[in-house]
J.: 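Here's a structure for you.
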Number of protein chains: 2
Amino acid sequence: MRDFDLRNFLPYLLNQAAEETSIGFSQIYKDRYGMLRTEWRVLFHLGRYGDMTASEIGRLSKMHKTKISRSVRALEDKRFVAGRESTDDRRREILTLLPQGRRAFDDLVVVAEKHNADLMASFSTGERAVLIDCLQRLAAFEGLPD
Amino acid sequence: MRDFDLRNFLPYLLNQAAEETSIGFSQIYKDRYGMLRTEWRVLFHLGRYGDMTASEIGRLSKMHKTKISRSVRALEDKRFVAGRESTDDRRREILTLLPQGRRAFDDLVVVAEKHNADLMASFSTGERAVLIDCLQRLAAFEGLPD
DNA sequence: TGGTAGTAGTTACTTTTGTAACCAACAAGG
DNA sequence: CCTTGTTGGTTACAAAAGTAACTACTACCA
């Protein structure tokens, strides 16, 4: 029990690793597009998985709906995203990337991939597989449309 | 490139896993002691690694000094922590756990260990080793006194 | 129909965090 | 000593996130 250490405590370790690995990338979307992390996530969901509503983004990303609402607003102000009312349920607003948003997404995806590759660079193939698998199990993702 | 997915993007994956794994535990220190995560971290550093100053905690945990300052204040208000002025440098304040804080720490460490064991439960010994090692490398910890 | 319950999304209000300026103490050179 | 620069820590103000209440709509069932 005396050997219990923050360096082995998963919530702490994960948080520190998350902080450390996101610094470089968040700087980029902030500098280039004035976006927050929440905005980047919304942008990514729309860019990668196609048009969807705020609550679908919420289900996939586990972000709180107010965060999403505010991010969508910010992205609309930047003319990155537009919403159209769903015909069969007028509460739902289907969100789409506008050309500007698409360009930002295309730009950032390249950066993200490079960043990810750099982070993985020091790991062996086996380590990568285990790491990703363990993290996905811990994160307990909801199913995505593919 | 089309297969780039948030589920393989390390900063996102780490963040989601960190969120998911910390929910249960944070609820406990919040409910039992009204503490925030920042306060729990300060408490842990003092309880596990012994008396130290705010800036030492900052170096180890990478928390910003204002967060630490505010957490220390909150812990002092709870009579969990007290500070004494260093004799050789009167700017530094050496922080110590008070009996109340020690009890909270002892209580929470047990909970944390159990929580950690639960999180690790579904992983094999090999997976655990790889996971911890990779995370520690990503987190790029500062050296601790031992 | 109409009443009740539930869902999508926004807004108002509060708490927490981030940033920058600040004060007090040390350090080193002239 | 007296400046100039640096460090430990706090405070004030601004930005972001959390919580709860709210509007508008749909769904179901009597």
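Protein chains get the first letters and strands the later ones, always in sequence-line order, with residue 1 at the start of each. Treat the numbers as computed from the prediction; the structure is a model and nothing was measured.
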J.: Rounded to whole Å, please give me the gap between CD in B/Glu56 and C1' in D/dG9.
T.: 14 Å
J.: In this structure, how many angstroms lie between the C1' atom of D/dT26 and the CD atom of A/Glu85, rounded?
T.: 13 Å
J.: Would you mind building the protein contact string for nucleotides 12-17 of chain D? One character per nucleotide, 5' to 3', B for base within reach (heavy atoms under 4.0 Å), S for sugar-phosphate only, - for untouched.
T.: B---SS
J.: Between C/dT19, C/dG9, C/dA24, which nucleotide has the shortest distance from any of its atoms to the side chain of B/His64?
T.: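 The listed nucleotide nearest to B/His64's side chain is C/dT19.
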J.: Could you tell me whether the phosphate oxygens of C/dG9, OP1 or OP2, come under 4.0 Å of any side-chain nitrogen or oxygen in A/Arg73?
T.: no
J.: Kindly state whether the ring of A/Phe25 and the ring of B/Phe9 have centres lying under 6.0 angstrom apart.
T.: yes
J.: Between C/dA24 atom P and B/Arg91 atom CZ, what is the distance in whole Å?
T.: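 So the two atoms are 14 Å apart, to the nearest Å.
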J.: Verify whether one side chain among B/Tyr49 and A/Asp5 offers a donor that lies under 3.5 Å from an acceptor in the other.
T.: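 Short answer, yes.
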J.: Can you confirm whether the side chains of B/Arg84 and B/Thr96 place a donor and an acceptor under 3.5 Å from each other?
T.: yes
J.: For the residue pair B/Asp107 and B/Tyr29, confirm or rule out a side-chain donor-acceptor distance under 3.5 Å.
T.: no
J.: Over how many whole Å does the gap from A/Arg59 atom CZ to C/dT7 atom C1' extend?
T.: 14 Å
J.: For the pair made of CZ in B/Arg84 and P in D/dG8, what is the distance, rounded to whole Å?
T.: 17 Å
J.: OP1, OP2 of C/dA25 versus side-chain N and O of B/Arg90: anything below 4.0 Å?
T.: yes
J.: Whether the A/Arg41 and A/Ser71 side chains hold a donor-acceptor pair (N or O, under 3.5 Å, no angle test) is what I'd like checked.
T.: no
J.: Whole Å only: how far is the CD1 atom of A/Ile68 from the C1' atom of C/dT7?
T.: 14 Å
J.: By nearest heavy atom, map B/Lys65 and A/Lys65 onto DNA chain D; which one lands nearer the 5' end?
T.: B/Lys65
J.: Rounded to whole Å, please give me the gap between CE in B/Met52 and C1' in D/dG9.
T.: 17 Å
J.: For A/Lys30 and A/Glu93, find the nucleotide of DNA chain C closest to each by heavy atoms; which residue's nucleotide sits nearer the 5' end?
T.: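 Nearest-nucleotide comparison on DNA chain C picks A/Glu93.
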J.: Can you tell me which nucleotide in C/dC26, C/dT10, D/dG9 comes closest to the side chain of B/Asp89?
T.: C/dC26
J.: Check the angle between the aromatic planes of B/Tyr33 and B/Phe80 and answer parallel, tilted or perpendicular using the 30° and 60° thresholds.
T.: perpendicular
J.: Any side-chain N or O of A/Ser69 below 4.0 angstrom from OP1/OP2 of C/dG9?
T.: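 The answer is no; no side-chain N or O of A/Ser69 sits under 4.0 Å from OP1 or OP2.
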J.: Of all the heavy-atom pairs spanning A/Glu127 and B/Cys134, show the shortest one and how long it is.
T.: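 Residues A/Glu127 and B/Cys134, closest heavy atoms: CB-SG, 4.1 Å.
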J.: For B/Asp88 and D/dT7, give me the distance from atom CG to atom C1', rounded to whole Å.
T.: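 So the CG-C1' distance, B/Asp88 to D/dT7, works out to 14 Å.
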